Amino acid sequence: MDKQVRKIGVLTSGGDAPGMNAAIRAVVRTALNNNIQVVGIRKGYNGLMNGDIKDLNGKDVSEILGRGGTILHSARALEMLTEEGQQKAANIYKILGLDALVVIGGDGSFRGCRALAKYGVNCIGIPATIDLDISCSEYTIGFDTAVNTGVEAISKLRDTSGSHERCSVCEVMGRDAGYIALWCAMGGGAEEVLIPEEKELGTSERVIKQLLENRSKGKRHNLVVVAEGIGGSQQLAKEIQDTTGIQTRATILGHLQRGGSPTALDRIRASEMGYIAVKSIMEGNVNKIVAYNKGEYQTIDIEEALSMEKQFNPEMYEIIKVLSI
Ligand code: F6P
């Protein structure tokens, strides 16, 4: 980028995540502080393809730092997977006179950035998903809040399953990734956790065997955390009850974990990432993802970021097993 930045767009895309609003606020206020105009694009890439936009001023983003969801709304835009959709979005970007686009979302949203870059759109991605399944960043906006929501729910389930000497099966979100399940299991002191990354260990036979062993050692109540990607919690609860005679109840937290006021960590990191995104644009450092790794922020080339693979670390799984005796 060789010209002065005058106008940028910002959108939120994919599943919403607590802290997205904090990131929008930071983008808008950092830009305005540097005399850059900001347009908010509604409903993710759909809004860009259809020109559904709104100028954002400092007041538009007041009182949103601690609010869940996204004031810009979000969507999964299938049309962006087509060349026609990408061209449409790039055209609107040009018609609006944008110098850059900030995309707050997950890997799918960043693939949209990569496609748009080919049409001359200057993008910066900010990682936001409750699933933590973005390869280039150890942190994603919303994960901390989702885990806190999950742990709070699990603690409540513990109270009641303890009172009745029951087993509780708690299903948390994460279709392809077990990070929420692992963190909730560790934070909630679960006896068992079933995650997509260790599918072969997720058998009901193994869980039931473990629960019986726990009971024989004097454990009067048990908690099993199941990731959405494994699913079948109601069926698992029935199987546990039928086979062991231990009363078992299943609870599916579902989209509850996507809502709520962001934690302090999510507010702070989202604010810093929004600030860094705009500063990067001003430096001409575009077509990058703002990442957080080993305690530091960095910007990573989109192509490189999307080619990375998230390595699953089985250590947390092992620790949960060790601590559950
Ligand atoms: O945003 C991530 C996520 O919540 C996953 O955990 C879940 O599998 C998926 O989105 C659900 O998507 P939707 O809200 O579109 O049903």
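Order of appearance sets the numbers: ligands from 1, and atoms from 1 within every ligand. Sequence positions, counted from 1, serve as the residue numbers for this chain. Given the structure is predicted, the values throughout are model-derived calculations rather than measurements.
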A.B. asks: To which protein heavy atom is atom 2 (C) of ligand 1 closest, and what is the distance rounded to 0.1 Å?
C.D. replies: D131 OD2, 3.4 Å

A.B. asks: Y297: which residues meet the ring-ring contact (aromatic ring centres under 6.0 Å, His included) condition with it, sequence neighbours left out?
C.D. replies: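 Partners of Y297 by the ring-ring contact (aromatic ring centres under 6.0 Å, His included) criterion, ordered by chain and then number, come out as Y292.
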
A.B. asks: I'd like to check the side chain to side chain contact (heavy atoms under 4.5 Å, CB included) partners of D107; sequence neighbours left out, ordered by chain and number.
C.D. replies: F110, R111, I134, S135, L306

A.B. asks: Which heavy-atom pair separates C184 from G150 by the least distance, and what is that distance?
C.D. replies: SG-CA, 3.7 Å

A.B. asks: Given side chain to side chain contact (heavy atoms under 4.5 Å, CB included), test S168 with H221 step by step and report yes or no.
C.D. replies: CA-CA 8 Å; S168 266; H221 63 101; over 6 Å; no

A.B. asks: Please could you name the atoms of ligand 1 that G15 approaches to less than 4.0 Å, counting only its heavy atoms?
C.D. replies: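 Those of ligand 1 that fall under 4.0 Å from G15 are 1 (O).
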
A.B. asks: Among protein heavy atoms, which lies nearest atom 14 (O) of ligand 1, and at what distance?
C.D. replies: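 Checking every protein heavy atom, the shortest distance to atom 14 (O) of ligand 1 gives H255 NE2, 2.8 Å.
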
A.B. asks: Is the closest N or O pair between D16 and ligand 1 shorter than 3.5 Å?
C.D. replies: no

A.B. asks: Any donor-acceptor pair under 3.5 Å linking the side chain of Y93 with the backbone of N122?
C.D. replies: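 At least one qualifying donor-acceptor pair exists.
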
A.B. asks: Tell me: protein heavy atom nearest atom 8 (O) of ligand 1, and distance?
C.D. replies: E228 OE1, 2.8 Å

A.B. asks: Has Q257 got any heavy atom lying under 4.0 angstrom from an atom of ligand 1?
C.D. replies: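 Flag not set, Q257 not near ligand 1.
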
A.B. asks: For the pair W183 and F143, name the ring-plane relationship: parallel under 30°, tilted 30 to 60°, perpendicular over 60°.
C.D. replies: perpendicular

A.B. asks: Could you identify the single nearest non-hydrogen protein atom to atom 11 (C) of ligand 1 and state the distance to 0.1 Å?
C.D. replies: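 Here the closest protein heavy atom is R258 NH1, 3.6 Å.
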
A.B. asks: Consider every N or O of G174 and every N or O of ligand 1, then say whether any pair is closer than 3.5 Å.
C.D. replies: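 The answer is yes, given that G174 and ligand 1 share an N or O pair closer than 3.5 Å.
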
A.B. asks: Give the intermediate values and the outcome of side chain to side chain contact (heavy atoms under 4.5 Å, CB included) for residues I154 and V151.
C.D. replies: CA-CA 5 Å; I154 287 169; V151 169; 5.6 Å; no

A.B. asks: Could you tell me whether some N/O pair between R76 and ligand 1 is separated by less than 3.5 angstrom?
C.D. replies: yes

